[in-house]
Amino acid sequence: MSALGVVGGIVQPLLIVAGSPLLVGLMRQVRAKLEGRAGPGVGQPWRDLRKLLRKEPLAPRGTSEVFRSAPLVLVATTLVVAVVVPFVTTASAVDPVADLFAVVALLALGTVALALAGLDTGTAFGGMGASREMTIIALVEPTLLVAIFALSVRVGSTNLAAIVSSTLHDPGRVISPVSLLAAVALIVVIVAETGRLPVDNPSTHLELTMVHEAMILEYAGPDLALVELASAMRLSVFLGLLANLFLPWGIATAVTPAALLIGAVAVVGKVAVLGVALASAEVFLAKLRLFRVPELLAGSFLLSLLAVAASFFLA
Amino acid sequence: MSETLYVQLLDLTGGALLLTAVLILWRRELAVIIRVFALQGLALAALVAVLAARDASLELWLVAVGLLVLRAGVLPALLRRALAAAGPARRETRPLVNVAASLLAAAVLTLLAYAVSQPLVELAPSAATQAIPVGLTVVLIGFFVLVTRRRALSQLVGFLLLDNGITAVGFLTTAGAGLVVELGVSLDVLLAVLVLQILTTRMRETFGDTDLDDLRELHD
């Protein structure tokens, strides 16, 4: 455990927790501006969270511990990922957990916990949302694994910190076909996993189309606040991962205040740019029919597999 | 041209070939498929141009220009004309296997191409021969499109994809089979497309459709 890793392990979760509601606010604001509305302002998600946290905790009658513990599991797994993945520094606080498979498993664990909570409520919407989410994650998880694996082939290690620092030393790799194919695959699965258009619409409560919202329909008060915070954090974690895997410049490699400041500013800037790009792309997209979603995800899985294949035969 | 730049350009054109082949399998609208096919012709011509610049061979440059004109210009234009003649109801492909399954099949075909071409690569390992699996994948995907699509026009695209793959493999293994042979093959493809285009027009005039499944039974 290096000093750089420890500092990163403290700075990164603080940055993610404080910044992710602001990222969601920024994306909503960009959408509002592009659609010609005034918008509620960048700080609105934080105000919503404060309001929800002050309310009395409520759980529907007949729900079990699964329902009550799901928000905590979701927040906890995302926090662990925020601590270990190289966002601000190239070293990791808990190096063995910064492994590709561990990180993807942690992120999937949160999704599964939420889906189980959706089933636990016993309502029609909860079950529907959970089954849809499982359909999506069944294709998202292998794609995530294979796409990042394509990058790890050249490095010879599945450690995310090792992948990031090797890209930092050899910038020519960014424009190779392997990186391009993996990047496209990763963008598609990140859009699907974080429930954005065209897979899921984060701003509607229309029963025919919702996926994520259907699972969390029964949550209220502090539990809902935790779920909302966790989904915002997951969005920032995924965008940060995308940014640092393909464009790692600016990340801190030494324990000096200046390097850490540059690292933090760089990751915030990259995630903000990606978020704004995602939000502005969403304005021009319509939601995909649910039965077309597996097609999109199978396509991205094929692209990630081609990336792995290309990393072997175009080596 | 330096060695690293050559390898990078070769890999990039190889990646473009692969990506366009997958897109042809992925998309349903025939107009988009034809546009992607033109892009693939461009990538193929670029691949040959990279090889030509490496060998500084005038013959290969001529072949590259010829490929560019034929595969990115003439053939897509012919396909577009056939599509326009087919009318608005025939704008989408109707695959026998659904798109998700055919994409997964393409993944298996990629691995198969890699496994099959290993002995070929080991004969003379170089940057060019290491890209042979890409060409072979395009061949296999083209064959897959050819057997799983119903409309005559999408089968034609599959046939052309197959031919693109064969050409790519040819150039990657031997750096060209000579200008005369290449010219002959290109003319052959052009003639095949022209004949098939006339055939689809006649089919539509006779049967009112180009769905080849309806042609299995004999009529008076």
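Here CG of B:Leu23 is found 7.5 Å from CG of A:Leu303. Values are rounded to the nearest 0.5 Å.
For A:Leu296, the parts lying under 4.5 angstrom from a heavy atom of chain B are both the backbone and the side chain. For A:Leu139, no part lies near chain B; criterion is any non-hydrogen pair under 4.5 Å. For A:Ser300, the part sitting under 4.5 Å from any heavy atom of chain B is the backbone (N, CA, C, O) and nothing else.
Here the shortest heavy-atom pairing between B:Thr110 and A:Ala309 reads CG2-CB, 4.0 Å. Of all heavy-atom pairs spanning A:Glu295 and B:Leu103, the tightest one is O-CD1, 3.7 Å. The shortest non-hydrogen separation linking B:Ala107 to A:Leu305 is CB-CD2, 3.3 Å.
Between chain A and the residues B:Thr13, B:Leu18, B:Asn98, the largest count of heavy-atom pairs under 4.5 Å involves B:Leu18.
In this structure the side chain of B:Leu19 never reaches within 4.5 angstrom of the side chain of A:Leu306, judged on heavy atoms.
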